[in-house]
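Numbers here are sequence positions counted from 1.
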Amino acid sequence: MLLNSFTLRRPALLLAVPALLAACQSQPTEQKSAAATDAAAPGAPGAKADSTGKKYLAQPLVRDIYTADPSAHVFNGKIYIYPSHDIEAGIPENDNGDHFAMRDYRILSLDSIGGKVTDNGVALDTKDIPWAGRQLWAPDAAFKNGTYYLYFPVKDKQDVFRIGVATSPSPTGPFKAEATPIVGSFSIDPAVFADTDGKAYMYFGGLWGGQLQRWATGKYNAAAPDKKPDGNEPAVGARVAALSADMKHFAGPVKEITILDSLGKPLLASDAKHRFFEGGWLHKYQGKYYFSYSTGDTHLLVYAVGTSPYGPFTYKGVIMKPVEGWTTHHSIIEFKGKWYIFYHDTQLSGKTWLRNVKVTELKRNSDGSIATITP
């Protein structure tokens with residue numbers, strides 16, 4: 001979801017900024033007079049220049065708060081976006097992502113792509129999660145039998161990431177968190193996929209500060225190195241688990257996802273342009289399962305295709321080239337006969353921990369492959 005490495009950062013993608021800044025969360029509002037001259041409306045197609053002369057494929061959906069990691073869903077014919085809520089916490093940047101110190105969630109909604117976006121206020125706050133310590137990172141949501149479920153990663157009071165669930169009768173909340181995290185959950189970036197047969201699955205995991213590499217044995221190892229290995233061992237895979245009928249528990253064992261190359265061999269940890277890093281998402285198209293994810297320190301959104309929600313998945317290509325900013329995280333939905341990808345960059349702030357969500361159309365080739373997007 002949110003990890004960064006400032007030694008591996010691509011200079012063309014990030015503005016150089018001091019580690020500690022006095023900027024506050026209200027900055028997008030202060031910038032609005034300049035940004036409001038942008039030619040493109042939120043979600044409008046085509047690269048447009050902003051007031052600085054830079055060109056962006058799409059414009060931020062909201063400008064008065066910072067948002068990232070957009071998890072989009074269609075509920076009752078309307079789009080709801082469950083993003084991270086970035087804030088200026090004044091914490092120095094580091095590879096563990098401590099400066100991503102988000103404390104609550106604010107849910108966005110819109111009736112149409114390019115239409116008015118509503119900020120529905122705070123839906124869940126860290127202080128209302130009994131077991132939470134700090135860092136409320138990228139969430140996801142689901143709906144079943146009249147109840148909306150919000151899945152969230154947050155460090156517990158021992159500073160270990162776990163995944164929790166909260167419920168509400170409304171897609172915009174407020175949500176009430178369960179008293180404990182989901183048993184067997186760990187790491188970050190939960191993404192819930194409901195298949196056509198009614199079964200639901202959670203995909204999760206993120207390297208480095210997301211702590212996935214610390215769970216190699218099935219138990220948390222605080223001494224495990226934070227960064228990916230550079231050897232020829234198989235890459236650390238995302239995790240998947242079936243969800244129970246009540247959507248609050250794992251119904252089976254947590255399994256590791258295997259991603260294969262074109263020759264049918266598992267991707268290696270050293271293959272940084274193809275292997276999984278964080279931000280997994282699953283969608284289904286013409287009977288096939290598309291697992292998409294971020295490559296992290298190589299800043300790509302890529303995808304792999306399989307015939308089972310458990311995988312294995314075969315790597316197919318790049319969905320989106322690097323955005324402005326270090327992190328990249330997305331979701332993919334179908335809405336009114338078209339497919340869209342929601343993502344983020346740092347257009348409003350130029351700071352990798354203060355991001356803004358965007359949307360653009362996702363186009364496919366006749367064989368089902370996804371056309372690469374230049375953001």
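Between F204 and F250, the angle of the ring planes stays under 30°, which puts this pair in the parallel group of the 30/60° scheme. Using cut-offs of 30° and 60° for the angle between ring planes, the Y220 and W215 rings count as tilted. Using a 30° and 60° split on the angle between ring planes, W281 and H73 fall in the tilted class, from 30° to 60°. Between F75 and Y80, the ring planes are tilted. Angles from 30° to 60° get that label. Ring geometry for W208 versus W326: interplanar angle of 30 to 60°, hence tilted.
In this view, Y151 satisfies the ring-ring contact (aromatic ring centres under 6.0 Å, His included) rule with no residue, not counting sequence neighbours. Residues satisfying the salt bridge (Lys or Arg N to Asp or Glu O under 4.0 Å) test with D156, not counting sequence neighbours, are R162. Every ring-ring contact (aromatic ring centres under 6.0 Å, His included) that F143 has, sequence neighbours left out, goes to Y148. Every residue was checked against the salt bridge (Lys or Arg N to Asp or Glu O under 4.0 Å) condition with K363, not counting sequence neighbours, and none meets it. Checked against salt bridge (Lys or Arg N to Asp or Glu O under 4.0 Å), K316 has no partners two or more places apart in sequence or in another chain. Applying the salt bridge (Lys or Arg N to Asp or Glu O under 4.0 Å) criterion to E256, with sequence neighbours excluded, gives R239.
In this structure, D261 and T314 approach most closely via the heavy-atom pair O-CG2, 3.8 Å. Closest non-hydrogen pair, R103 versus I87, comes out as NH1-CD1, 3.3 Å. The heavy-atom pair separating M102 from W137 by the smallest distance is CE-CD1, 3.6 Å. Shown here for L61 and V359, the closest heavy-atom pair between the two residues is CD2-CG1, 3.9 Å. Between Y310 and A242 the shortest heavy-atom distance is OH-CB, 3.5 Å. Shortest non-hydrogen contact noted between P375 and P322 is CG-O, 3.5 Å.
Taking OG1 from T67 and CD1 from I81, the interatomic distance works out to 8.0 Å, rounded to the nearest 0.5 Å. Here the straight-line distance linking atom CD of Q213 with atom OG of S187 works out to 7.5 Å at 0.5 Å rounding. Summarising the geometry, atom CG belonging to L110 is positioned 4.5 Å from atom CD1 belonging to I79; distances are rounded to the nearest 0.5 Å. Between atom NE2 of residue H329 and atom CG of residue D69 there is a gap of 5.0 Å, rounded to the nearest 0.5 Å. Between the CG atom of L300 and the OG1 atom of T328 there is a distance of 8.5 Å, given to the nearest 0.5 Å. Between the CD1 atom in I163 and the CZ atom in F186 there is a gap of 8.0 Å [rounded to 0.5 Å].
A single hydrophobic cluster is not seen to contain both F276 and L260; linkage of ILVMFWY side chains at heavy-atom distances under 4.5 Å, directly or through other members, places them apart. Following chains of ILVMFWY side-chain contacts shorter than 4.5 Å, one cannot reach Y149 starting from V122, and the two form parts of different hydrophobic clusters.
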side-chain contact (heavy atoms from CB on, under 4.5 Å) between Y343 and T360, worked out: CA-CA 8 Å; Y343 63 102; T360 195; 4.0 Å; yes

Candidate pair L282 and Y201, rule side-chain contact (heavy atoms from CB on, under 4.5 Å), full reasoning: CA-CA 9 Å; L282 195 87; Y201 306 84; over 6 Å; no

From CA spacing to verdict: side-chain contact (heavy atoms from CB on, under 4.5 Å), V165, M247: CA-CA 9 Å; V165 58; M247 302 292 282; over 6 Å; no

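Residues H283 and S292 have side chains that never bring a donor and an acceptor to within less than 3.5 angstrom of each other. S170 and T172 form a side-chain donor-acceptor contact under 3.5 Å, judged by distance and modelled atom types alone. A donor-acceptor pair shorter than 3.5 Å can be found between the side chains of W353 and E88. If you check the side chains of D195 and Y289, you find a donor sitting under 3.5 Å from an acceptor. Inspection of the N120 and T118 side chains reveals no N or O donor paired with an N or O acceptor under 3.5 Å.
Two residues are said to be in side-chain contact when any heavy atoms from C-beta on lie closer than 4.5 Å; L354 and L348 fail this criterion. For the pair Y290 and V305, the minimum side-chain heavy-atom distance is below 4.5 Å. Taking the side chain as every heavy atom from C-beta outward, I332 and Y285 never approach each other to under 4.5 Å. Side-chain atoms of M202 and V192, non-hydrogen and from C-beta on, do get closer than 4.5 Å to each other. In this structure the side chain of V240 never reaches within 4.5 angstrom of the side chain of F291, judged on heavy atoms. Within the 4.5 Å cutoff, the side chain of T372 has no heavy atoms near those of the I319 side chain. Two residues are said to be in side-chain contact when any heavy atoms from C-beta on lie closer than 4.5 Å; F152 and L124 meet this criterion. When side chains are defined from C-beta on, E178 counts as touching K248, because their heavy atoms get closer than 4.5 Å.
The 12-atom threshold is not exceeded at NZ of K273, counting heavy atoms of other residues, nucleotides or ligands nearer than 6.0 Å. The number of heavy-atom neighbours closer than 6.0 Å to CG of N76, taken from other residues, nucleotides and ligands shown, is 12 or below.
In this structure, the side chain of N94 engages the main chain of D98 through a donor-acceptor pair within 3.5 Å. Judged purely by atom type and a 3.5 angstrom limit, S294 uses its side chain to pair as donor or acceptor with the backbone of G296. Remark: side-chain polar atoms of S71 are not paired, donor with acceptor, to backbone N or O of D140 under 3.5 angstrom. Side-chain N or O atoms of Q135 include one that pairs as donor or acceptor with a backbone N or O of F100 at under 3.5 Å. With hydrogens and angles disregarded, a donor-acceptor distance shorter than 3.5 Å links the side chain of D189 to the backbone of G279. Y66 contributes no side-chain N or O that, together with a main-chain N or O of T346, makes up a donor-acceptor pair within less than 3.5 Å. Using a distance-only test at 3.5 Å, with no hydrogens or angles considered, no donor-acceptor pair links the side chain of D271 to the main chain of R275. Between the side chain of H344 and the backbone N or O of T327 there is at least one donor-acceptor pair closer than 3.5 Å. Looking only at distances, no side-chain donor or acceptor of T352 sits under 3.5 Å from a matching main-chain atom of G325. Listed for the K144 side chain is a donor-acceptor partner under 3.5 Å among the backbone atoms of A245.
Contact check on R134 versus D159 returns a salt bridge, with a Lys/Arg side-chain nitrogen under 4.0 Å from an Asp/Glu carboxylate oxygen.
The side-chain contact (heavy atoms from CB on, under 4.5 Å) test with Y82 is passed by exactly one of P70, S331, P171: P171. For the pairing with Q347, the side chain to side chain donor-acceptor pair (under 3.5 Å) check across E324, K54, Q59, R355 returns one residue only, Q59.
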